[in-house]
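This structure is a prediction, so every number in the text was calculated from the model and none was measured.
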Amino acid sequence: MTNENACLPGNPALGESGLAVVLSGCSGGGKSTLLDALAARGYTVWPEAGRQIVREEMHLGGDGLPWANAEKFVTLAASRTMYFFNAAETATRPVFFDRSLVDLTSFLDLKGIVVPAHLKRAVEAYRYRRDVFVVPPWPDIFAADAERRKSFEEAYREYEALVAGYRAAGYGLVEVPRLGVEARADFVLRHLGEAVPLRPE
């Protein structure tokens with residue numbers, strides 16, 4: 001997008017279209033793999049802002065990290081999340097987002113940190129499709145890494161917090177079943193009324 005005037009805060013055209021779809025859920029639950037599969041089928045997928053911030057802060061030696069300075073991390077990740085939403089073009093089929101602002105406010109709630117008023121307003125202004133897909137905790141595939149410094153138990157607690165956060169924000173949750181990635185992608189697309197390829201029995 002080269003026309004900055006077209007990048008409206010809250011992207012009302014996209015929000016009203018019902019095509020801005022959030023995929024959230026438990027860390028290590030296969031979310032990124034599922035989004036990769038949807039991207040491979042030609043759908044637009046916007047990356048997780050929090051992951052980008054972690055990589056950038058680690059590269060620069062900054063402290064805007066969820067385990068070092070939660071409030072700074074959320075501020076940076078929220079700004080990036082809103083940019084992604086604002087920059088997304090309205091399309092004729094679903095546009096997928098890897099997490100949303102609600103994940104960030106839920107993270108603050110879990111940490112016992114007061115959610116700033118402007119971030120609460122942002123959650124109301126940046127509206128996604130009401131049905132939010134969530135991948136549930138899946139211990140069989142969970143793995144920590146340099147950017148995901150948490151145990152399965154910690155990831156599970158975060159999952160419970162974000163489920164509560166999405167419901168409080170007025171969203172309905174659709175749990176993605178624990179299946180192979182292509183079957184998961186089919187499940188998501190069928191729920192959205194999209195065509196899926198026929199597969200042999």
Sequence neighbours left out, what passes side chain to side chain contact (heavy atoms under 4.5 Å, CB included) with Val95? Give chain and number order. Thr44, Trp46, Ala91, Phe97
Taken to the nearest 0.5 Å, the spacing of Tyr156 OH from Ser27 OG works out to 14.0 Å
Spacing of CZ belonging to Arg55 relative to CG belonging to Leu60, to within rounding of 0.5 Å: 14.0 Å
Pairs in or reaching into residues 24-38: which pass salt bridge (Lys or Arg N to Asp or Glu O under 4.0 Å), with residues at least two apart or in two chains? Lys31-Glu48, Lys31-Asp98
Atom of Val135, atom of Gly29 and distance for their closest heavy-atom approach: CB-O, 3.8 Å
Does any pair with a residue in residues 116-131 pass salt bridge (Lys or Arg N to Asp or Glu O under 4.0 Å), and if so which ones, sequence neighbours excluded? none
Test side chain to side chain contact (heavy atoms under 4.5 Å, CB included) applied to Pro139 - qualifying residues, sequence neighbours left out: Phe152
Suppose we screen for side-chain hydrogen bond (donor to acceptor under 3.5 Å, both in side chains). Which residues come up paired with Tyr128, at least two apart in sequence or across chains? none
Test item: Tyr126 and Ser100 side chains (from C-beta on) under 4.5 Å apart, heavy atoms: no
Contacts of Phe107 that satisfy ring-ring contact (aromatic ring centres under 6.0 Å, His included) - sequence neighbours left out: none
Going by side chain to side chain contact (heavy atoms under 4.5 Å, CB included), name the residues that satisfy it together with Ala13, two or more places apart in sequence or in a different chain. Asn11, Thr90
Stepwise, does the side chain to side chain contact (heavy atoms under 4.5 Å, CB included) test hold for Val176 with Val134? CA-CA 6 Å; Val176 179; Val134 292; over 6 Å; no
Please list, chain by chain and in numerical order, all residues satisfying ring-ring contact (aromatic ring centres under 6.0 Å, His included) with Tyr171, sequence neighbours excluded. Tyr166
Between Glu182 and Arg41, does any side-chain N to carboxylate O distance fall below 4.0 Å? yes
Is there a path of hydrophobic side-chain contacts, each under 4.5 Å between heavy atoms of I, L, V, M, F, W or Y residues, that connects Leu173 with Leu110? no
Looking only at heavy atoms, which two atoms of Glu175 and Tyr159 are closest? And how far apart? OE1-OH, 3.9 Å
So Val188 and Leu34, do their side chains get closer than 4.5 Å, heavy atoms only? yes
Correct closest heavy-atom pair for Ala20 and Phe85 would be CB-CE1, 3.9 Å
Qualifying salt bridge (Lys or Arg N to Asp or Glu O under 4.0 Å) pairs with a residue from residues 68-82, counting only residues at least two apart or across chains: Glu56-Arg80, Asp63-Lys72
Please check: side-chain N/O of Glu154 versus main-chain N/O of Ser151, any donor-acceptor pairing under 3.5 Å? yes
Contacts satisfying salt bridge (Lys or Arg N to Asp or Glu O under 4.0 Å) that involve residues 101-111 (not counting sequence neighbours) are Arg99-Asp103
Do Val132 and Leu23 have side chains that approach each other closer than 4.5 Å (heavy atoms only, starting at C-beta)? no
What's the shortest heavy-atom distance between Gly30 and Ile141, and which atoms? N-CD1, 3.8 Å
Examine Val163 and Leu101 and state if one hydrophobic cluster contains both, with Ile, Leu, Val, Met, Phe, Trp and Tyr joined whenever side-chain heavy atoms are less than 4.5 Å apart. yes
Can you hop from Trp138 to Phe142 via hydrophobic side chains spaced under 4.5 Å? no
Can you confirm whether Phe73 sits close enough to Val54 that some side-chain heavy atom of one is under 4.5 Å from a side-chain heavy atom of the other? yes
What one should report as the nearest heavy-atom pair of Ala37 and Val181 is CB-CG2, 3.6 Å
Quick one: pull up CG in Leu14 and CG in Asn86 and give me the separation to the nearest 0.5 Å. 9.5 Å
Under 3.5 Å, is there a donor-acceptor pair between the side chain of Glu57 and the main chain of Leu65? no
So the ring pair (Phe, Tyr, Trp, His ring centres under 6.0 Å) pairs with at least one residue in residues 175-194 (sequence neighbours excluded) are Phe133-His191
Other hydrophobic cluster members with Leu179, side-chain heavy atoms of Ile/Leu/Val/Met/Phe/Trp/Tyr under 4.5 Å, chained? none
How about Thr81 and Phe84: do any of their side-chain heavy atoms sit closer than 4.5 Å? no
CG/Leu19 to CZ/Phe96 distance, rounded to the nearest 0.5 angstrom? 9.5 Å
Can you measure from CG (Leu162) to CZ (Arg157) and round to the nearest 0.5 angstrom? 13.5 Å
Under a 4.5 Å side-chain heavy-atom rule over Ile, Leu, Val, Met, Phe, Trp and Tyr, are Val123 and Val22 clustered together? yes
Glu158 vs Cys26 side-chain heavy atoms within contact, under 4.5 Å: no
Looking at every heavy atom in both Gly165 and Ser106, which two are closest together, and how far apart are they? CA-OG, 3.5 Å
Give, for atom CZ of Arg184 and atom CG of Leu38, the distance between the pair rounded to the nearest 0.5 Å. 11.0 Å
Taking the side chain as C-beta and beyond, is there a heavy-atom pair between Leu108 and Leu119 under 4.5 Å? yes
Between the main-chain N or O of Val102 and the side-chain N or O of Thr105, is there a donor-acceptor pair closer than 3.5 Å? yes
